[in-house]
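Report on the following structure.
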Amino acid sequence: MASAAAASPPTPPESDPRLVEVFTPFLEKLIKNASWRNKAHSKLSHTAKSILDRLQKPPPAAEAQAPSTPTSAPSTPTSSSAQPGPLRSLSLADSELLLAPVTSALGSGSAKLAEAALELLHRLIAHSYIHGEADPSADPSAQLVASLLDAACNALGLDDEHIELLLLKTLLSAVTSTSVRLHGDCLLRAVRACYDMYLGSRSAVNQATAKASLVQMLVIVFRRMEADSSTVPVQPIVVADMIELPDAGPGSSPTADPNVVQGFISKIIGDFDGALTPLARTTSSTGAGATVAHDGAFETTAAAEEGANPADLLDSTDKDMLDAKYWEISMYKTAIEGRKDELGVEGAVVGTLDDDADVRIGNKLRRDAFLVFRALCKLSMKTPPKDAPADPIVMRGKILALELLKILLENAGAVFRTSERFLGAIKQYLCLSLLKNCASSHMIVFQLSCSIFISLVSRFRPGLKAEIGVFFPMIILRVLENIAQPNYQAKMIVLRFLEKLCGDSQILVDIFLNYDCDVHSSNIFERMVNGLLKTAQGPPAGVPTTLVPPQDTTMKSEAMKCLVAILRSMGDWMNKQLRIPDPASPIVESEKNDNDGGNELPQTDNNGDESSEASDSHSELSNGISEAASLEQRRAYKMELQEGISLFNRKPKKGIEFLVKASKVGESPEEIAAFLKSASGLNKTMIGDYLGEREDLSLKVMHAYVDSFEFQGMEFDEAIRAFLQGFRLPGEAQKIDRIMEKFAERYCKCNPKAFSSADTAYVLAYSVIMLNTDAHNPMVKNKMSPEDFIRNNRGIDDGKDLPEEFMRSLYERIWKKEIKMKEDEFVPQQQQSTSSNKILGLDNILNIVVRKRGSSMETSDDLIKHMQEQFKEKARMSESVFYPATDVVVLKFMVEVCWAPMLAAFSVPLDQSDDEIVISQCLEGFRSAIHVTAAMSMKTQRDAFITSLAKFTSLHSAADIRQKNVEAIKAILLIADEDGNYLQEAWEHILTCVSRFENLHLVGEGAPPDATFFALQQPDLDKSKQAKSSILPVLKKKAPNAASASKRGSYDSAGVGGKASGVDQMNNEVTSLLEQVGMAEMNRVFVRSQKLNSEGIIDFVKALCKVSMEELRSASDPRVFSLTKIVEIAHYNMNRIRLVWSSIWHVLSDFFVTIGCSENLSIAIFAMDSLRQLSMKFLEREELANYNFQNEFMKPFVVVMRKSRAVEIRELIIRCVSQMVLARVNHVKSGWKSMFMVFATASYDDHKNIVLLAFEIIEKILREFNKDISLNAIGFLRFCAAKLAEGDIGSSRLKDNPTSNSNPPSPHLASDGKQEGAVLTDKDDHIHFWFPLLAGLSELTFDLRPEIRKSALQVLFDTLRNHGHLFSLPLWEKVFDSVLFPIFDYVRHAIDPSGSSPQGQSVENDPAELDQDAWLYCCIRPFDEQRWIHVCG
């Protein structure tokens, strides 16, 4: 930089015409407005004239005249003429010359002079005439700019509204400018000036502008810090969105117009937007900023620097700062533990290079953000002085600081959220601010504290696990769980913020995983849900409350909103994890929050080493816990441990046994003692009782407990204090004796020279306890004096007295400070407290926070110190690792925790209230709960919600239907539409509601019921009652008895068949209510079934079949609504893939078989006709070769044909099959098998009409429609002949199955079903196999179709020619007589109709032989293609 300066020497000011143009009007205003009566003004005017003369009349040698010009500016070294100054192209001396009148004018006390100076300063900054850093501890140029800005801030004391606006314009320009870089003290000075202006200005416009300017400055500072660059583009804030403008105070100007404030901000930011380029010049000094004379909030001390020692914090005298310092040292050891360089080792090397400005800019930008954040935290902790507790200025300043912190946290970027430095600042300063403000009686302070805490939970939870675990019960749950006498405003604030918290679906799941599943943390999620439930239900009956009815109603509504928001948030998170599309969700996810908004701090990759380390650790945590088993173990461990602690607090011995058995505590006395000493939530009295027991284990535990203390070097009373902090001495003297005896032994062992024997310590311990009770029990009137205490203990040291000085000192210490248990030190006695608080040791923390002002128990410092010790203990015990939830199984545990409270919260108001808003919220809660439980396959919880919602439809009790019941019906339909894929068995409840609605709809329209057409006649009804209950076995357990059926309005007893309860009382009002839904909406449930996935449609079909069974089970009032819908949904889903359709039909097939065999003939006929319709539709689809699905589809006809006892049904089946064949003959493939099985079954039916009808249809099929099939059959007979000749078909097969069921009844079968001839000879084989084949071919030669005749003749003679040599002589005789001769007789008769058969032919034949021939010939008739396929294997 020095070489650059040498190459381009500074130019004199008069040589820059633009600079002359800027300064000339200013100097003229100074000369004009300076008062000649004021000595300082006169001197300023003289200086301005001199400078103006020089600028207007430049001498030829400006360099020589510059030093001799008379000015009032301070003298500078001669070398300053060569140093570059803050004014562009001018030397330091010339810059001081020109800027000296500006500084003097700002400090002149004249509004007009200051106005001119501020206008000039703003112009110089806006047009980049001034450049460089402003730092009072850096080089002279930076000091000059810093002094100039400090003088500008001091002009605020003029109390002029116009001056205030000019100052805001100047300061905001300086912070926004990329040529002037404000760091450290100067930046804090600018922020402080705006802060003071907001508090002190009398103009509402100026107050609003100051507030907006502050926000804009903070956005710029933190945006640059995030980007690690001072040249990052900056957008003006949206005033209306980010801040609330202050109201006009008494005597002030009217309320500020947001448009005016917005224009002010936009104009200043717009002047710099992209118009400037950063200058390469930078200062080489990186020293710490000097402390300025402001209050502690805006001090920059060494603690803010890199590598600062936290112990140095103790030198401060600021009260709030002391609190913050103790917070840091005691709880977190060091919150801003510096590193040598923010950018790590690699950055440290780069930082040694003087010309690397980016590294230093990065460090300074982060330091600036840290200082501003710390200043705001300190300002938010300011408390009014004791003499003016209601000081409005202090309160307004506190509120402003909290508002600014809220804006910073809501727009925090990646560096702020992950950097250890900033997280340490939050722990060190912001948490202390929350601690002081969260119990404020001012609602605006409490509201802002809640907002800040919610921002921490939403955006900073990975780095603040312990802090959130402590503050959530303190700020949120403390207010939420106060049911009877809450602060209405505070509770409404908490409820609204909880609803906002649910906007990010990840937050609740993370809270549950990290706190409800953490052994040492409170069950935050569970307590939150239970608190919301109790709030939604209101105070218990008979309990006095401070709420008026309107407040109670509003609070219940808000609690209900929160419960619904929780479920909706869980559903949205589940949708993301399971990739369930949910475009209608209104929840704004965290990803949306993380994107750069209009004023959000950017997330860039160049964040330095801190953010990269944090992101790496976060990515490691992301994989930390995601398995269901690990989560389940964590949750189960915590629940079991808390159960054991709760049992211990009732029965210590059983509690220890339970914990040991559950492996939560070791079996050794040492491990049990360690547990009693360290575990949270144990009742101190119960610990004392257990330690005082004389049983062997308890005695050993007590010895181990006492031996765990180290009393070396401790005073006797100090040892007793430490010993009695962990438990309360029991009331029984023998127990106390055992405990104190062991204590005395331990103390003497640790301090062998203290007393001559342990007996001395034992007696003195008793005396000390008695003294403590005497001194601090208000019931004791006559207090023990020191002399009394000494006298009571004479001769206890082996007959000697203990030293009097020792005894008096001991007496004084006991008298001044009571010996008491640790938890009693600050906690007032309370009769009742939240069990989870007690178990986790939070009672004392919460009681300290809510302690009223004026409590004389302890000072504020003691309370804060105790709080910080508690926080430190919580931070030590809790797991430090934060686990981001990624495994969806965590939702199951969340639902198990919250489903019962949720069900109660939604059911009770839905039943009791008629308010539209309440009903809408409850139904929304039901929908969200069913969505989560159904998608997570939690059957019990899902069915509980769906059953309850179905009951609220009142469709089972028509007379009770109101508008809210109609809304419940709509909710049911919406659930069916949105969550149908996951409802599984719960579809039954929804389809039952649809069925009942249709029934009421028909009644309302006056349409006749289905029973008109399908009811059994009385004789049949009596018969069906006596029949076995095997027809509808699925429904046997559901049949209600007479008593339950008579109960009006019972959901479980009201079936879907027959009349619903209250139908007779239906009026026009109920009918009009039901018309709001309409059957079109109901039918959509069935139409949209085609959009269900593969599992969903099968569940839907199963449920629909069950509902249809329920409808049809009524013998007197059956309904067929669901049966018709089954046909419809089968039609809608017939185009699904074959695998899915096969599963669907497997369900429907069983259903149709059951209904087809019903005793109610009308129902069975309707079912078979419905099956026919489906079959006709299905047979339109082509079936590829070698598939068998047509056969499977047609099987219900076969099964019903075999099982049905109704002749009408069997006849209907035959006619249905006939119709299908005649209409779809070209599409039938594998279906022929089932069809012929139907005909085969009909062939041996007991009713002649059925047999004749079946043969008639077969004949029609074969003759008129199945020519191709007949030809194929003839060709197949050729194949059968070949197989028969090869021996594949023979006597062995017939012997194995001599009475095949497929054969028609034979006249030669004995009564026992066996054939008379046990073994067939070869001759018989020939006759029984060859002759039917040949006789059949012979018969076909008489067919009227020429193709059939020709093919039959050819196959017949080919068979005789090819296989005739295998025939026996008797067979050949049969062939000639019964096969060939009839053919030639037919031909001869056709030629000579008068011809006759040879005489005597019929007489010569043996009667038995004729019978056999007749049987063999008749055998061929019932044989069809399927018969031969079966025979040939």
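Reckoned from all heavy atoms, side chains included, excluding hydrogens, waters and symmetry mates.
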Note: Arg927-Glu924 ion pair, threshold 4.0 Å (strictly below)
yes
Would you call Glu1159 and Arg1205 a salt bridge, using N to O less than 4.0 angstrom?
yes
What's the spacing between Phe1178 CZ and Met1220 CE if we round to 0.5 Å?
12.0 Å
Given 3.5 Å as the limit, does a donor-acceptor pair link the side chain of Trp987 with the main chain of Gly980, or not?
yes
Stepwise, does the side-chain contact (heavy atoms from CB on, under 4.5 Å) test hold for Ser1234 with Phe1197?
CA-CA 8 Å; Ser1234 293; Phe1197 286 114; over 6 Å; no
Any donor-acceptor pair under 3.5 Å from Lys964 side chain to Asp911 backbone:
yes
Name of the residue among Val1127, Val1120, Thr1124 meeting side-chain contact (heavy atoms from CB on, under 4.5 Å) with Ser1170
Val1127
Less than 4.0 Å between a side-chain N and a carboxylate O, is that true for Lys892 and Glu896?
no
Quick one about Lys1091 and Asn981 (side-chain donor to acceptor, distance below 3.5 Å, no hydrogens or angles considered), yes or no?
no
To the nearest 0.5 Å, how far apart are CG in Asp1246 and CZ in Arg1210?
7.0 Å
Least distance between heavy atoms, Gln984 atom then Ser937 atom:
NE2-OG, 3.8 Å
With side-chain contact (heavy atoms from CB on, under 4.5 Å) as the test, pick out the partner of Ile1213 among Met1168, Arg1172, Glu1208.
Met1168
Please check if the side chain of Ser995 supplies one atom and the backbone of Leu991 the other of a donor-acceptor pair under 3.5 Å.
no
Salt-bridged, Arg942 to Glu985, with N to O below 4.0 Å?
yes
What distance do Ile1165 atom CD1 and Leu1212 atom CG have between them, rounded to the nearest 0.5 Å?
6.5 Å
Which class fits the ring pair Phe1236 and Phe1239: parallel under 30°, tilted 30 to 60°, perpendicular over 60°?
perpendicular
What are the two closest non-hydrogen atoms of Ser1158 and Ala1164, and how far apart are they?
O-CB, 4.2 Å
Gap between atom CD of Glu1095 and atom OG of Ser1143 - 0.5 Å precision:
9.5 Å
Which atom of Asp960 lies closest to which atom of Ser957, heavy atoms considered
OD2-OG, 2.7 Å
Spatial distance of atom CD1 (Ile1155) from atom CZ (Phe1166) [nearest 0.5 Å]:
11.5 Å
If I take atom OG1 from residue Thr933 and atom CE from residue Met574, how far apart are they, to the nearest 0.5 angstrom?
8.5 Å
Treating Asn1093 as the side-chain partner and Gly1096 as the backbone partner, does any N or O pair qualify as donor plus acceptor under 3.5 Å?
yes
Which heavy-atom pair separates Ile1214 from Ala1242 by the least distance, and what is that distance?
CD1-CB, 3.6 Å
Evaluate the ring planes of Phe1086 and Phe1100, with Trp represented by its six-membered ring, and classify them as parallel (under 30°), tilted (30 to 60°) or perpendicular (over 60°).
perpendicular
Side chains of Thr992 and Glu1110: do they bring a donor and an acceptor to under 3.5 Å?
no
So, does Ser1142 use its side chain to make a donor-acceptor pair with the main chain of Leu1139 at under 3.5 Å?
no
Checking side-chain contact (heavy atoms from CB on, under 4.5 Å) for the pair Lys970/Leu923: CA distance, chi angles, key distance, verdict?
CA-CA 10 Å; Lys970 294 178 180 178; Leu923 293 177; over 6 Å; no
In short, Gly925 meets Leu567 closest at the heavy-atom pair O-CD1, 3.5 Å
Side chain of Glu1111, backbone of Ser1122: donor and acceptor closer than 3.5 Å?
yes
Given side-chain contact (heavy atoms from CB on, under 4.5 Å), test Arg1088 with Asp977 step by step and report yes or no.
CA-CA 7 Å; Arg1088 292 180 65 86; Asp977 189 22; 2.2 Å; yes
Are Asn575 and His931 close enough that a side-chain donor and a side-chain acceptor fall under 3.5 Å?
yes
